[in-house]
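Reading through the structure tokens given below for one structure.
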Amino acid sequence: ALPRDLVGRKVVVSAGGTREPLDPVRFLGNRSSGKQGYALARVAAQRGAEVTLVAGNTADLADPAGARVLRVGSARELRDAMHAESAGADVVVMAAAVADFRPVALSDSKIKKSGQEPAPIKLTTNPDILVELVRARPAGQVVVGFAAETGDATGDVLHHGRAKLGRKGCDLLVVNAVGDGKAFEVEDNAGWLLAADGSETPIPHGSKTQLAVAVWNAILPLLDSCARL
Ligand code: C5P
């Protein structure tokens with residue numbers, strides 16, 4: 001059984017992929033299953049936290065017991081939900097796979113075949129929600145990001161992760177090595193936990209639930225000790 005060490009804590013977790021609409025029936029999306037974010041929400045609820053899960057597109061996953069689940073589609077919907085929900089939270093975890101780009105134009109009607117060359121899809125950059133949440137956070141709130149990094153060597157992956165932690169400004173960054181059947185659409189995960197204080201903790205290969213337990217274990221000592229309990 002898990003310890004009830006998150007009783008009295010309010011946490012917000014994002015999960016799954018965003019869908020960036022092109023027209024009423026089409027979107028640009030990604031392969032995120034949402035499983036890691038759901039595991040984080042489930043474990044937090046089991047440890048006693050008050051959990052809000054903001055879910056984009058996911059595989060067919062059961063709602064985590066005890067969590068409040070909000071559904072979003074696009075990155076901009078996810079952003080609005082995260083800003084609204086994170087205001088009073090002790091911990092915010094961005095496990096969602098946010099699309100970096102979205103189509104500039106959203107057609108009101110289904111884009112038709114014209115018999116000619118299709119028009120190119122123009123893209124624009126989505127806001128970086130994690131960076132915005134770090135900037136907007138109230139004192140004492142712990143903000144956690146995820147990073148899927150490719151690299152030939154562990155050193156490359158960690159180097160990219162460390163740079164990303166600095167750019168994003170979050171307290172913890174969970175770095176997953178991707179490629180070779182790792183991280184996306186699979187049951188298992190492994191990686192490192194990089195902290196703003198420079199510490200670097202490997203997370204052994206295991207289930208997404210085990211990774212979630214390791215992440216909450218790392219968050220606990222960062223929580224303001226005089227809050228709520
Ligand atoms: O820059 P990159 O996409 O690798 O960063 C990953 C982290 O940043 C994840 O925690 C993801 O949820 C978050 N992110 C975000 N908004 C974006 C892109 C990524 O919050 N537009």
Side-chain angles (χ1 to χ4, degrees), residues 11-21 27-41 44 51-58 70-87 89 91-104 123-137 141-151 156-179 182-185 189-196 203 208 211-212 214-216 218-219 222:
V11 312
V12 182
V13 178
S14 70
T18 66
R19 289 179 160 185
E20 308 303 315
F27 56 82
L28 301 178
N30 62 63
R31 296 187 185 279
S32 171
S33 69
K35 284 178 183 166
Q36 187 59 68
Y38 272 57
L40 284 154
V51 181
T52 300
L53 173 63
V54 182
N57 186 63
T58 65
L70 306 177
R71 306 250 163 220
V72 295
S74 66
R76 287 193 290 180
E77 287 170 23
L78 174 62
R79 175 205 204 187
D80 290 347
M82 292 307 292
H83 280 292
E85 297 302 322
S86 66
V91 184
V92 178
V93 182
M94 278 296 296
V98 186
D100 292 319
F101 310 110
R102 68 174 182 274
V104 171
L123 300 176
T124 187
T125 305
N126 269 330
D128 192 311
I129 302 167
L130 179 56
V131 167
E132 288 186 357
L133 292 171
V134 167
R135 290 206 185 113
R137 72 166 139 189
Q141 184 181 77
V142 177
V143 182
V144 182
F146 271 73
E149 302 291 348
T150 52
D156 293 345
V157 173
L158 286 178
H159 182 75
H160 291 142
R162 178 65 57 199
K164 188 165 290 180
L165 177 68
R167 271 201 310 280
K168 304 265 184 182
C170 48
D171 300 293
L172 276 177
L173 190 73
V174 185
V175 181
N176 295 131
V178 293
K182 284 177 277 193
F184 272 51
E185 296 180 305
N189 239 345
W192 292 267
L193 267 165
L194 306 186
I203 305 171
K208 291 185 176 181
L211 187 135
V215 171
W216 287 112
I219 291 170
L222 303 178

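These figures come from a predicted structure and were not determined experimentally. Order of listing sets the numbers, starting from 1, for every ligand and every atom in it.
- A side chain to side chain contact (heavy atoms under 4.5 Å, CB included) with Val91 holds for exactly one of Leu172, Val11, Leu222; it is Val11.
- The protein heavy atom nearest to atom 7 (C) of ligand 1 is Phe146 O, 2.9 Å.
- When non-hydrogen atoms are compared, ligand 1 lies under 4.0 Å from the backbone of Pro127 (N, CA, C, O) but not from its side chain.
- Considering only non-hydrogen protein atoms, atom 11 (C) of ligand 1 sits nearest to Ala96 O, 3.5 Å.
- Distance from atom 1 (O) of ligand 1 to its nearest protein heavy atom, with residue and atom name: Lys168 NZ, 3.0 Å.
- Against a heavy-atom cut-off of under 4.0 Å, Met94 is close to the following atoms of ligand 1: 9 (C), 10 (O), 12 (O), 20 (O).
- In this structure, CD on Glu20 lies 7.5 Å from CG on Leu28, to the nearest 0.5 angstrom.
- Distances from ligand 1 to the non-hydrogen atoms of Lys164 include at least one value under 4.0 Å.
- The closest side-chain heavy-atom distance from Leu130 to Val98 is not below 4.5 Å.
- Here the heavy atom of the protein found nearest to atom 13 (C) of ligand 1 is Leu130 CB, 3.9 Å.
- Of all the atoms in ligand 1, the ones that sit under 4.0 Å from a non-hydrogen atom of Gly145 are 10 (O).
- Protein heavy atom nearest atom 18 (C) of ligand 1, with residue, atom name and distance: Val98 CB, 3.7 Å.
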